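Here is the structure we will look at.
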Amino acid sequence: MIYCDAHCHLMPDDVFLNAHNLGVKTFFVNSTTPDDWLRIVDLGRRVLGVHVCAGVHPWFVDALPPDWNRRLERFLTDYPDAMIGEIGLDTTRPFYPLQKRVFQICLDIASRYRRKVHIHCVKAWDDLFEILGQYRDVQPLFHRFSGDEVIVQKLRLFNAYFSVTNGRVINVIPDNRLLVETDAPDGLKDPARIPELVRSLHLDVNYLQQNLELFLYDV
Ligand SMILES: [Zn+2]
């Protein structure tokens with residue numbers, strides 16, 4: 001059985017190696033600030049199956065260096081396989097107007113560099129639709145998805161994928177758009193817990209693997 005952790009963050013190598021031994025062969029490792037970007041590239045040189053996601057988390061937009069967007073463009077030029085993540089909107093956190101500006105710039109870069117995006121969206125769906133609607137060519141994956149059926153239907157127009165850490169909203173997500181994640185070191189804490197999560201949600205591993213390939217090779 002092979003598994004994917006569709007959303008996690010930087011952790012010590014042995015955490016990834018242990019998960020790898022337990023069958024978790026793909027990790028979408030997301031950044032929170034520009035300092036993470038090259039560290040994830042380095043991690044990928046030591047651990048097989050790491051996909052680099054370079055982004056700016058909406059919780060940390062206030063601490064961005066002024067040249068962050070030029071750095072992101074340069075990074076994407078240097079690493080043509082890198083995706084963008086995590087980025088997004090969160091009305092429960094401060095600096096919301098700045099979050100919106102940063103999110104828009106990231107989507108603009110994603111569109112120009114043709115990269116998939118890993119999105120965090122908490123209680124900000126109206127603004128998300130307004131901004132994402134300007135970038136129809138960008139392929140989004142919504143992590144720790146928390147929306148309802150109406151939001152899923154709207155997001156299907158964007159060919160969105162969804163990843164979850166539990167079964168709370170699993171029934172509203174189309175089978176062929178579903179992935180699972182730990183959001184480790186937060187969330188479920190450890191990518192080694194993916195097999196247990198898949199079992200507890202009664203999901204078909206082969207189906208999840210197919211969805212992963214659909215997401216990766218969807219153009
Ligand atoms: Zn995250």
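All values reported here derive from a predicted model rather than from experimental measurement. Residues: numbered from 1 along the sequence shown. For ligands, and for the atoms within them, numbers begin at 1 and follow the listed sequence.
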- I would like to know whether Asp13 and Leu43 meet side-chain contact (heavy atoms from CB on, under 4.5 Å); could you show each step before the answer? CA-CA 7 Å; Asp13 288 13; Leu43 173 75; 3.4 Å; yes

- Go through the steps for Arg112 and Asp108 under the test salt bridge (charged side-chain N to carboxylate O under 4.0 Å, His left out), then give the verdict. CA-CA 6 Å; Arg112 284 189 286 114; Asp108 190 72; 3.1 Å; yes

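Note on Asp183: its N/O/S atom closest to the Zn ion (ligand 1) is OD1. When the N, O or S atoms of His9 are ranked by distance to the Zn ion (ligand 1), NE2 comes first. Closest approach between the Zn ion (ligand 1) and any N/O/S atom of Glu86 involves OE1.
For His143, every N, O or S atom stays at 2.8 Å or more from the Zn ion (ligand 1).
Aromatic pair Phe215/Phe28: ring centres closer than 6.0 Å.
A salt bridge links Arg45 with Asp42: the closest approach of a Lys/Arg side-chain nitrogen to an acidic carboxylate oxygen falls below 4.0 angstrom.
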